[in-house]
Amino acid sequence: MQRRPGVSNRTELHRKNLHHILAQDIGARILKGEFAPGSLLPREAEWGRSYGVSRTAVREAIKMLMAKGLIVSRPKIGSRVQPRSSWNLLDRDVLAWYSAATDYHHFLTSVQQIRRILEPEAAALAAINHKPEELIAIEAALEDMGQAETVEAWNAADVRFHIAILLAAGNELLVPLGFVIESALGNMFDYTATHNEDRRSALPLHEDILRAIRQGKPEAARMAARRLLSDTDRIIGLQERSRPDGATKSRPIPDKSKGGRRHAG
């Protein structure tokens with residue numbers, strides 16, 4: 001097993017985060033398919049030689065990956081990759097590895113499906129249950145979107161807007177779920193913010209949601225959230241890819257590194 005470039009020299013890794021960096025790299029390799037479900041992973045000593053780290057660091061990394069549902073470890077057997085159904089895809093790290101490893105359009109479609117399940121009803125609940133300080137948080141996020149001069153600032157405010165609505169819904173079980181999907185929203189908005197001509201065209205759609213929440217109109221909030229999601233569908237190409245027979249067209253996702261249109265979700 002050859003040494004991994006970039007992480008093999010111990011002097012390049014901060015001791016405090018050594019096991020975390022090691023877990024990040026192994027986890028990403030699992031999600032990319034380098035180690036298939038059911039396969040045995042290299043043993044601790046082999047990992048140590050490959051990365052130039054101690055067996056203690058390897059053990060801590062293995063524990064992290066076990067906690068995320070990626071692997072299971074047994075004495076005298078070693079560590080084995082778990083079935084995909086056991087992977088905790090809502091874990092921040094696993095979600096990041098998943099988005100990097102999977103077909104990107106499939107990832108965006110999956111995120112949109114989750115948003116359609118959560119966001120319209122969360123907006124409706126927020127219209128009924130929001131507290132004054134929660135409404136202020138939604139307003140502040142929208143104001144920051146309007147004042148954002150960079151894509152990064154826009155995306156950060158956009159994520160805050162959606163998370164603030166989840167927090168205002170008045171359901172404590174939505175709170176941890178909101179923080180979990182925060183990274184998924186950030187990843188999606190990073191894409192949508194570079195694939196539409198004018199990201200500010202989405203502001204009125206966000207304003208409609210805020211207005212309905214402020215006025216205590218749950219059905220209006222629900223419908224406004226659905227309109228925003230439909231606009232995001234348009235940006236990521238879901239509407240164009242859908243066929244009447246339920247099949248989907250194969251259309252590549254444009255490379256945002258080459259420049260493109262701007263928007264946000």
Quiz item: Side chains of D158 and H206: does their closest heavy-atom pair fall under 4.5 Å?
Solution: yes
Quiz item: With the threshold set at 4.0 Å, does a side-chain nitrogen-carboxylate oxygen contact exist between E60 and K63?
Solution: yes
Exercise. Determine whether L65 and F35 fall in the same hydrophobic cluster, where Ile, Leu, Val, Met, Phe, Trp and Tyr are linked whenever their side-chain heavy atoms lie under 4.5 Å apart.
Key: yes
Quiz item: Do the side chain of N129 and the main chain of A169 share a donor and acceptor less than 3.5 angstrom apart?
Solution: yes
Self-check item: Pairwise distance CD(Q112) to CZ(F107) - rounded to 0.5 angstrom
Solution: 10.5 Å
Practice problem: Report yes or no: does E121 contribute a side-chain atom to a donor-acceptor pair with the main-chain N or O of L118 at less than 3.5 Å? | Solution: no
Quiz item: With side chains defined as the heavy atoms from C-beta onward, is the minimum distance between L166 and L177 less than 4.5 Å?
Solution: no
Practice problem: Indicate yes or no: at least one non-hydrogen side-chain atom of L70 is less than 4.5 angstrom from one of L31. | Solution: yes
Quiz item: Does one side chain, of W97 or Q24, offer a donor that lies under 3.5 Å from an acceptor on the other?
Solution: yes
Quiz prompt | Closest non-hydrogen atom pair between R116 and L229, with its separation | solution = NH2-C, 3.6 Å
Exercise. Applying side-chain contact (heavy atoms from CB on, under 4.5 Å) between E119 and each of L185, I114, I165, report the one that passes.
Key: L185
Quiz item: Okay, side chain of T102, backbone of Y98: is any donor-acceptor separation there less than 3.5 Å?
Solution: no
